[in-house]
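Side chains included, hydrogens not; waters and symmetry mates left out as well; all remaining heavy atoms used.
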Amino acid sequence: MSNFSRRKFLTTAAVSAAGAVVLKGCVGNPPSSDTAANTSAPAASPAAGGSAGATGPAPETTKVKLGYIPIFEAAPLIIAQEKGFFAKHGMTDVEISKQANWGAARDNVEIGAAAGGIDGGQWQMPMPYLISEGLITKNNNKIPMYVLAQLSTQGNGIAIANKHEGKGIELDLKGAKDYIVGLKASGTPFRAAYTFPKVNQDFWIRYWLGAAGINPDTDVSLMTVPAAQTVANMKTGSMDGFSTGDPWPARIATDGIGFLAALTADIWPYHPEEYLAIRKDWVDANPNATKAVLKAVMEAQQWLDQDANRTEAAAILAKPAYFNLKEELIALPLKGNYKLGDKKADVTEKNKGVLYWKDPKGSVSYPYKSHDLWFLTESVRWGFLPKDYMAKANGLIDSVNGEKFWREAAQELGVPAADIPTSTSRGVEKFFDGKTFDPANPQAYLDSLAIKKI
């Protein structure tokens, strides 16, 4: 995995600067100043809701620095800050720091907060595993991390440029296979982007293509491109698709730049999305503070899942310090309302959008080990990890997954027993094409897939 190209990523990020100027104010752009990028915890307020005060033992430290990328998955961290949940649980010196991109987040967690970086924060999966294994860090340094909570489910989509309207590019892509594969034969291969390689957003588009018999490694051209540059390229017609988190996909359709071919809610209903993970050295030194952070995030997730709070949440996220975007562009997809485009019916269903605390399958927040296993298995599928990771996956998961902290925090917070999973596995998962992933037999899932790189 040492073939992750840091030079290539930094070069691409530099190229995006021009697009960032054109799209100033777009979500995902680097902040204009440290003041806008970093926010410290406000005093606890009755508006925080939940229980009357802090629960459990006092934290060893009141300070932690958490990085985030301004997409919907970051909302629990932002709301925990804005509504006073961090302060309520004794974490009065929390700093949430907007990261320019995923590569910057990786570099900053490697540096650590003491040296000007971050202690942890929001991550696509399996980034915490890749960082722990030293597979994407400078000089392959191993920076052990704990995965502590799932921040959200769904809230992602695959957007397609308008020039491909009417070609049958939708959830079931089989009808458009010949068209997409034919683009390569004509010398203009279908080009699609994600914001970081070999993680969530790369996996979603790969699964979608592979289910239609389209090989993402040979039939199309996939690449890492920052969000602002991708949207600029879609406007000019030089980029065909984009797999990313809201509000980007919804904004692309709303602004008429493209249309939504598929929501990840349809590819894998109630799928695992992004996670809270923190450096292991910080967690081991501050177990009570870790649980305090988790309790604050849990309360924020519960607050976010109340329908009555979604309008206020959109207003908070829209602030210049966070997404720096018009409130209405956040409010619609935050409530599960999507304009798909390409003559597709609009979506107006909360359960098709982002959820934070609970979904029809149970807990969203709890970090199931079975989901970590899928991300590692999918990494092996595409050749991102060697085959031998299948044999050592469970041991690795036991060392990185910190679900024990989640359980203890939930109990201290007074979460009802019915909302605390009794198993580290969510059981068999089913995808839109009928494929299933049984965490008790991940090899059977790999064997069932026609397109893979193993």
Side-chain angles (χ1 to χ4, degrees), residues 39-56 64 66 68-92 94-96 121-122 148-155 245-247 270 273-276 290-319 321-323 325 327 330-337 350-360 362-367 405-406 409-416 418-421:
T39 60
S40 298
S45 165
S51 57
T55 56
V64 68
L66 303 173
Y68 75 96
I69 299 291
I71 52 179
F72 279 7
E73 291 88 330
L77 301 181
I78 295 169
I79 295 301
Q81 187 82 312
E82 286 282 322
K83 301 300 291 183
F85 294 125
F86 283 130
K88 171 183 172 181
H89 291 285
M91 299 301 293
T92 55
V94 174
E95 182 180 351
I96 55 171
Q122 164 198 356
L148 297 169
Q150 183 177 309
L151 292 171
S152 64
T153 181
Q154 306 181 154
D246 279 326
Y270 313 116
E273 200 19 67
E274 292 176 11
Y275 287 75
L276 169 66
T290 298
K291 288 185 287 183
V293 168
L294 278 168
K295 285 180 280 190
V297 169
M298 289 176 185
E299 288 209 63
Q301 290 177 302
Q302 293 173 42
W303 185 91
L304 279 161
D305 265 5
Q306 296 178 37
D307 290 345
N309 293 333
R310 290 282 172 120
T311 298
E312 182 182 354
I316 292 171
L317 297 177
K319 291 181 178 181
Y322 300 121
F323 288 17
L325 192 64
E327 184 179 331
I330 296 174
L332 289 173
L334 194 62
K335 296 176 181 179
N337 296 326
K350 179 182 177 180
N351 280 349
K352 290 290 187 180
V354 64
L355 299 171
Y356 293 99
W357 178 244
K358 293 177 70 174
D359 62 30
S363 177
V364 171
S365 179
Y366 176 75
F405 294 102
W406 191 98
Q411 290 165 357
E412 290 179 8
L413 188 61
V415 172
D419 291 340
I420 300 177

Practice task
Decide side-chain contact (heavy atoms from CB on, under 4.5 Å) for H89 and L413; before the verdict, give the C-alpha distance in whole Å, the side-chain angles of both, and the deciding distance to 0.1 Å.
Solution key: CA-CA 10 Å; H89 291 285; L413 188 61; 3.7 Å; yes

Problem - Nearest-0.5 Å distance, CZ of residue F86 to CG of residue L77 - result: 5.5 Å

Fill in the blank from the handout: Y68 and A321 have their tightest heavy-atom pair at OH-O, 3.1 Å

Exercise for the section: Would you name the heavy atoms of Q150 and Q301 that are closest together and state the gap between them? Expected result: O-NE2, 2.9 Å

Exercise for the section: Identify the two heavy atoms, one from L148 and one from L294, that lie closest to each other, and give their separation to 0.1 Å. Expected result: O-CD2, 3.6 Å

Problem - Main-chain N/O of E412 paired to K295 side chain as donor or acceptor, under 3.5 Å - result: no

Problem - Distance (rounded to the nearest 0.5 Å) between I330 CD1 and K335 NZ - result: 12.0 Å

Exercise for the section: Could you tell me whether E299 and K88 make a salt bridge, using a distance below 4.0 angstrom between a side-chain N and a carboxylate O? Expected result: yes

Fill in the blank from the handout: Closest heavy-atom pair, I71 versus G245, reported as atoms and distance to 0.1 Å, is CG2-O, 3.9 Å

Handout entry: Approximate separation, where rounding is to 0.5 Å, of L304 CG and W357 CH2
Key = 12.0 Å

Practice task
Could you tell me whether the side chains of E274 and Q122 share a donor-acceptor contact shorter than 3.5 Å?
Solution key: yes

Handout entry: K83 and I316, any side-chain heavy atoms less than 4.5 Å apart
Key = yes

Problem - Pairwise distance OH(Y275) to OG(S152) - rounded to 0.5 angstrom - result: 9.5 Å

Exercise for the section: Answer yes or no: is there an ion pair linking K358 with D305, defined by an N-O contact shorter than 4.0 Å? Expected result: no

Handout entry: 4.5 Å side-chain heavy-atom contact, P70 and F323
Key = yes

Fill in the blank from the handout: d(I96 CD1, I79 CD1) to nearest 0.5 Å is 9.0 Å

Completion exercise
When every non-hydrogen atom of N351 is compared with those of Q154, the smallest separation belongs to O-NE2, 2.9 Å

Exercise for the section: Mark yes or no for whether D246, through its side chain, and F72, through its backbone, hold a donor-acceptor pair below 3.5 Å. Expected result: no

Exercise for the section: Determine yes or no for a side-chain-to-main-chain donor-acceptor pair under 3.5 angstrom, with S365 supplying the side chain and A149 the backbone. Expected result: no

Problem - Which atom of A296 lies closest to which atom of A80, heavy atoms considered - result: O-CB, 3.8 Å

Exercise for the section: Check the angle between the aromatic planes of W406 and Y366 and answer parallel, tilted or perpendicular using the 30° and 60° thresholds. Expected result: perpendicular

Handout entry: Rounded distance (nearest 0.5 Å) linking atom CG of L317 with atom CD of E312
Key = 10.5 Å

